[in-house]
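Please read the structure below before turning to the comments.
Just so you know, ligand 1 is whichever comes first in the structure, and atom 1 is the first atom listed for that ligand.
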Amino acid sequence: MEEVETATVASATAAESTEEVTFKSLGVDDALIEACTKMKWSKPSSIQREALPPALEGRDIIGLAETGSGKTGAFALPILQRLLKEPQRLYALVLTPTRELAYQISEQFEALGSGIGVQCAVIVGGIDLTAQSVALAKRPHVIIATPGRLVDHLENTKGFSLRSLKFLVMDEADRILNMDFEIEVDKILKCIPKERTTYLYSATMTKKVKKLQRASVRNAVKVEVSTKYGTVEKLQQSYIFVPQKFMDCYLAFIINELHGNSFIIFCCTCSNTTRTALLLRNLGFSAVPLHGQMSQPKRLGALNKFKAKSHSILVATDVASRGLDIPHVDVVINFDMPTHSKDYIHRVGRTARAGRAGRAINFVSQYGVELFKRIEELIGKKMDAYPTQEAEVLLMQERVMEAQRIARTEVKEFESKKRERDDDDEASQAPSAKLVKRAFDQRSKGRGKGDTKGRGRGRGRGRGR
Ligand code: AMP
């Protein structure tokens, strides 16, 4: 595809201007405005104000905006509006980096398109391939996919093609590319018509995104919501210096003290996420873990429990740091400080959403001081210490130690069960030694040429954090 011909820069601050811009004045169809009203979107957000007019004119869009800005509406509304005029199946494809985001986007498409009967299919890893093939065979209007699984279907699902596609959206393009999905994205670009409308949304304009932009959009309009790595006014940020050995005790103390709030606790590894969730449960808190090593149904289950408020604590890796839109999160705790300072912005962005107040508490151990200083530099602000009395906190130490001991045993049991399951799976999939030997002997004799090609799923990306 040719390079960007013109790039008009329209920039807007996240704050809404006072002039009366409505969905109607931007040219959005009444049927869709009705859906917006049902979703309590009374007026367009900044990115929607900037992106909707050129998008409704049919232009390609390069959007610099983060999740939380209303960018899903900015790309979904023009797609749905055109779909209204020219109803067609397999009409739009949205690529997004994570499974959770894919479901979130699909929910918005379905809500906005409820009046026009739009059908969506979410195609992500960790879900049964056959069920997805059936969903694709029904020819939905919109496919929301993670790149790896979509390529799998493009290569292996009989009868599935995207040759009629009219819209391609690449959402969170920087993150898609950072997750090494470049090859998959290239493959997808080769399988879809060149004559299409493309929306490329990214939080940052990296070199890789620029390259993708050259390969995928043309005559684009660039729209931007300046977020400037700032954190919102209503977010109260503080830190606690905690010796590593008392981290669990401080965590229990703070959660107890802020009882009645809902929390996301960020850890850096999947194993610490599981351990911390178990520890908190043993202390009587309703915590669920969410990390990339959980199966997809479990990930969705955990998220739904937290969203439905049946569990007030989500313990998560950075898989939950970007994009998740759960308005009721009151407190974000960085139990492990993020290694990349920019992840801090994404993590704390899970609270203080939609005008609500929120709190971020950073646990800084002797090992996290450098990371913490870098974060303060990035946000250009010195945080206050969260007031605690060590003697008071350590009153919980005995209970916490007991909960730690039980959690350790549970983690061990869980891991040994997992190993057994993995061994069983391997044993049931692995051909017996005899069969392997026979196949090898046959091949040596010049027979056995009929190698069947597998579904190419064995790349074991293990991407989830
Ligand atoms: P997004 O950035 O697309 O993930 O959207 C973040 C949140 O903003 C979602 O909960 C949307 O429902 C909400 N939202 C999007 N557009 C609007 C709007 N114009 N007015 C109010 N809320 C909106």
Side-chain angles (χ1 to χ4, degrees), residues 12-29 32-53 55-56 61 63-81 92 94-114 120 122 142 144 169-176 199-204 223-227 232 234-235 262 264 303-304 306-308 320-329 345-356 358:
T13 56
E16 307 292 314
S17 95
T18 45
E19 71 190 75
E20 196 43 48
V21 179
T22 60
F23 284 110
K24 182 97 187 156
S25 71
L26 295 178
V28 178
D29 193 279
L32 296 172
I33 295 177
E34 205 175 296
C36 292
T37 312
K38 272 193 196 149
M39 291 170 79
K40 302 200 170 60
W41 297 7
S42 54
K43 57 179 183 168
S45 71
S46 297
I47 193 73
Q48 290 161 1
R49 279 210 306 263
E50 301 303 326
L52 284 174
L56 289 169
I61 301 286
L64 284 183
E66 296 189 22
T67 305
S69 58
K71 68 184 161 70
T72 313
F75 61 70
L77 286 168
I79 292 175
L80 293 169
Q81 185 138 327
V94 183
L95 293 178
T96 192
T98 69
R99 301 163 186 187
E100 282 74 15
L101 277 177
Y103 284 101
Q104 205 167 279
I105 294 169
S106 168
E107 278 168 20
Q108 283 205 43
F109 260 100
E110 279 174 359
L112 288 171
S114 58
C120 300
V122 175
V142 183
I144 301 107
V169 182
M170 285 175 285
D171 181 42
E172 303 228 350
D174 51 350
R175 203 168 166 209
I176 290 181
Y199 301 151
L200 190 158
Y201 276 86
S202 188
T204 48
V223 293
E224 186 171 356
V225 179
S226 65
T227 42
V232 289
K234 289 193 171 163
L235 175 70
S262 74
I264 298 187
L303 208 51
N304 286 339
F306 183 63
K307 276 187 176 170
S321 72
R322 267 174 80 156
L324 287 188
D325 179 39
I326 308 167
H328 72 269
V329 180
I345 309 284
H346 297 304
R347 286 182 179 190
V348 301
R350 297 314 101 219
T351 183
R353 295 177 77 77
R356 292 165 58 119

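Panel note: side chain Asp174, backbone Ser202; no donor-acceptor pair is recorded below 3.5 Å. Side chain of Thr351 to main chain of Val348: no donor-acceptor pair is present (N/O by atom type, distance under 3.5 Å, no hydrogens or angles). The closest donor-acceptor contact from the side chain of Thr37 to the backbone of Ile33 lies under 3.5 Å.
For atom 4 (O) of ligand 1, the closest non-hydrogen atom on the protein side is Thr67 CG2, 3.2 Å. In terms of protein heavy-atom proximity, atom 16 (N) of ligand 1 is closest to Gln48 NE2, 2.8 Å. At the shortest separation from atom 2 (O) of ligand 1 among protein heavy atoms lies Gly68 N, 2.5 Å. The protein non-hydrogen atom at the shortest distance from atom 10 (O) of ligand 1 is Asp325 OD2, 2.3 Å. In terms of protein heavy-atom proximity, atom 12 (O) of ligand 1 is closest to Trp41 NE1, 3.2 Å.
Protein non-hydrogen atoms do reach within 4.0 Å of atom 19 (N) of ligand 1.
Atoms of ligand 1 lying under 4.0 Å from at least one heavy atom of Ser45, given by number and element, are 19 (N). Proximity to Lys43 (heavy-atom distance under 4.0 Å) selects the following atoms of ligand 1: 18 (C), 19 (N), 20 (N). Against a heavy-atom cut-off of under 4.0 Å, Phe23 is close to the following atoms of ligand 1: 19 (N). Which parts of ligand 1 touch Thr72 is read off a 4.0 Å heavy-atom cut-off, strictly below it: atoms 1 (P), 3 (O), 4 (O).
Each of Thr96, Leu95, Val169 was compared with Ile144 under the side chain to side chain contact (heavy atoms under 4.5 Å, CB included) criterion, and only Thr96 meets it.
Rounding to the nearest 0.5 Å gives a distance of 10.0 Å between CG of Asp171 and CD of Gln104.
For the pair Ser69 and ligand 1, the shortest N or O to N or O distance falls below 3.5 Å.
Of all the heavy atoms in Leu52 and Gly73, the pair that sits closest is CD2-O, 4.3 Å.
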